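As a basis for the values below, the full set of heavy atoms in this structure was taken, side chains included, without hydrogen atoms, waters or symmetry mates. Because the structure is a prediction, the values reported are computed rather than measured.
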Amino acid sequence: MNVPDSRLSINQATIKHAPLDEALRVTAEAGVQSIGLWREPVDHVGLDVATRMLADSGLRVTSHCRGGFFTLPDGERRRAALADNRRAIEETAALAAAGAPGSVAVLVLVAGGLPDGSRDLLGARDRVRDAIGELVPDAAAAGVTLAVEPLHPMYAADRAVVSTLAQALDIAGDFDASVVGVAVDTFHIWWDPQVREQIARAGREGRIATYQVCDWRTPLPEDVLLARHQPGAGVIDFASLTGAVIDAGYTGDVEVEIFNADIWARDAATVVGETVEAFARSVSPHLP
């Protein structure tokens, strides 16, 4: 097996069914230096236990997933969503503080889809902007960067009304770049004819909070949420996109984030090893 690239991070979604202690162990045992965490496994053990586990692992933290789901109309459910995002901000800060040097406090935000019965995309995006504005003081006080993640347009109805980097950057642009940035995920943005221009814009504005990679391959499964593959297994041009992100000034770790039922069904340590190899073939050659 290749020595893992020092910038490779295993996003916990890639080994979804591994509990937190196992995810940390297999990542560290493979020689990978960093991990992107998810709220559910952290919540399962509790934040205090999770921070101790993380500190003991010696791993850097590259992101915490996820906050968001901001498109609900005014009312009790929207207030509850904002309260949950404030808890996520606190978790992100605590985990980053517990991680190894070089950890970053980045909370990835998925905007949310159209509310039931609505066809108003523009109004939904406005509610995303408004919600982020409510959270900015909390994030700034905690030293957390909120990373707005555009998702592929096929998810606009039910998961994310923010579909392009341009839309994400337009929302982020209302706030200080140290507090609100964007997540650049190859699966979601590879198709966009303006992608290189918008990556460059994100770099100029200092807003690339995280870079995530996985591949797109057809045919898509019936559940399109689970359509992601290891880098190099599909059609995405990692040379072009990674080059653009590096040219834009991004110097952080690169997460591999995969949603794939077949991969999830396999042994976590094996998946991490395969991820190390796939990253070495498809992404590492384009990193400085």
- Query: Ile10 and Phe238: same hydrophobic cluster, using ILVMFWY side-chain contacts below 4.5 Å?
  - Reply: yes
- Query: For the hydrophobic clusters of this structure (ILVMFWY residues joined by side-chain heavy atoms under 4.5 Å, transitively), does one cluster hold both Val26 and Val256?
  - Reply: yes
- Query: Are any of the side-chain nitrogens in Arg87 or Asp84 under 4.0 Å away from the carboxylate oxygens of its partner?
  - Reply: yes
- Note on the structure: Between the CZ atom in Phe279 and the CG atom in Leu8, the distance rounded to the nearest 0.5 Å is 5.0 Å
- Item | Check: Ile246 and His286 side chains under 4.5 Å, non-hydrogen atoms | no
- Query: With sequence neighbours left out, what residues match Arg201 under salt bridge (Lys or Arg N to Asp or Glu O under 4.0 Å)?
  - Reply: Asp170, Glu205
- What ring pair (Phe, Tyr, Trp, His ring centres under 6.0 Å) pairs are there with at least one residue in residues 72-117, not counting sequence neighbours? none
- Task: Go through the structure and list residues passing side chain to side chain donor-acceptor pair (under 3.5 Å) with Asp138, not counting sequence neighbours.
- Result: Arg86
- Charged N to carboxylate O below 4.0 Å: is that the case for Arg266 and Glu274? yes
- Would you sort out whether Gln12 and Leu20 count as a side-chain contact (heavy atoms from CB on, under 4.5 Å), showing the intermediate values? CA-CA 8 Å; Gln12 208 172 349; Leu20 181 60; 3.7 Å; yes
- All pairs passing ring pair (Phe, Tyr, Trp, His ring centres under 6.0 Å) where residues 190-216 contributes a residue, at least two apart: His152-Trp191, His152-Trp216, Phe187-Trp216, Trp190-Trp216
- Taking only residues at least two apart or on different chains, which pairs with a member in residues 88-97 satisfy side-chain hydrogen bond (donor to acceptor under 3.5 Å, both in side chains)? Arg39-Glu91, His64-Glu91
- Query: Is there side-chain contact between Ser57 and Arg25, with heavy atoms separated by less than 4.5 Å?
  - Reply: no
- Minimum heavy-atom distance between Gln198 and Ala166, given as atom pair plus value: OE1-CA, 3.5 Å
- Task: Over all heavy atoms of both residues, which pair between Ser178 and Thr145 is shortest? Give the atoms and the distance, please.
- Result: O-OG1, 3.0 Å
- With sequence neighbours left out, the residues meeting salt bridge (Lys or Arg N to Asp or Glu O under 4.0 Å) with Glu257 are Arg228
- Item | Non-neighbouring partners of Asp174 that pass salt bridge (Lys or Arg N to Asp or Glu O under 4.0 Å), sequence neighbours left out | Arg129
- Kindly indicate, with the supporting measurements, whether the criterion side-chain contact (heavy atoms from CB on, under 4.5 Å) is fulfilled by Ile35 and Leu37. CA-CA 6 Å; Ile35 190 168; Leu37 298 174; 4.0 Å; yes
- Flag side-chain contact, heavy atom, 4.5 Å: Val283 against Pro231: yes
- Hphob cluster co-occupancy, Tyr155 + Ile189, side-chain heavy atoms under 4.5 angstrom: yes
- Task: Would you check if Val61 and Val106 make a side-chain contact, meaning some heavy-atom pair closer than 4.5 Å?
- Result: no
- Query: Taking atom types as modelled, is there a side-chain donor on Ser284 or Asp5 under 3.5 Å from an acceptor on the other?
  - Reply: yes
- Item | Met154 side chain reached by Leu220 side chain, heavy atoms, under 4.5 Å | yes
- Message: Once ring pair (Phe, Tyr, Trp, His ring centres under 6.0 Å) is applied, what residue pairs with a partner in residues 72-119 remain, sequence neighbours excluded?
- Response: none
- Message: Are there over 12 heavy-atom neighbours, none belonging to His17, within less than 6.0 Å of that residue's NE2?
- Response: yes
- Can you tell me how far the CG atom of Asn11 sits from the CD1 atom of Ile258, to the nearest 0.5 Å? 9.5 Å
- Query: For residues 71-106, which residue pairs qualify under ring pair (Phe, Tyr, Trp, His ring centres under 6.0 Å), counting only residues two or more places apart or in two chains?
  - Reply: none
- Task: Would you indicate whether the side-chain heavy atoms of Gln212 and Ser9 approach each other to under 4.5 Å?
- Result: no
- Note on the structure: Here the gap from Glu22 atom CD to Asp267 atom CG, rounded to the nearest 0.5 Å, amounts to 7.0 Å
- Item | Validation row: Pro150, His188 side chains within 4.5 angstrom (heavy atoms) | no
- Provide the full list of salt bridge (Lys or Arg N to Asp or Glu O under 4.0 Å) pairs with a residue in residues 208-223, sequence neighbours left out, each pair given once. none
- Message: Do Val110 and Ile208 sit in one hydrophobic cluster, given that two such residues count as connected whenever their side-chain heavy atoms are within less than 4.5 Å of each other, even indirectly?
- Response: yes
- Message: Tell me every residue that passes salt bridge (Lys or Arg N to Asp or Glu O under 4.0 Å) with Arg77, counting only those two or more places apart in sequence or in another chain.
- Response: none
- Message: Through direct or indirect side-chain contacts below 4.5 angstrom among Ile, Leu, Val, Met, Phe, Trp and Tyr, which residues connect to Leu114?
- Response: Phe70, Leu82, Ile89, Leu107, Leu109, Leu121, Val128, Ile132, Leu135, Val136, Val144, Leu146, Val148, Val161, Val162, Ile171, Phe175, Val179, Val180
- Would you indicate whether the side-chain heavy atoms of Ser240 and Arg196 approach each other to under 4.5 Å? yes
- Task: List the steps, then state whether side-chain contact (heavy atoms from CB on, under 4.5 Å) holds for Asn260 with Leu226.
- Result: CA-CA 5 Å; Asn260 183 303; Leu226 308 183; 5.6 Å; no
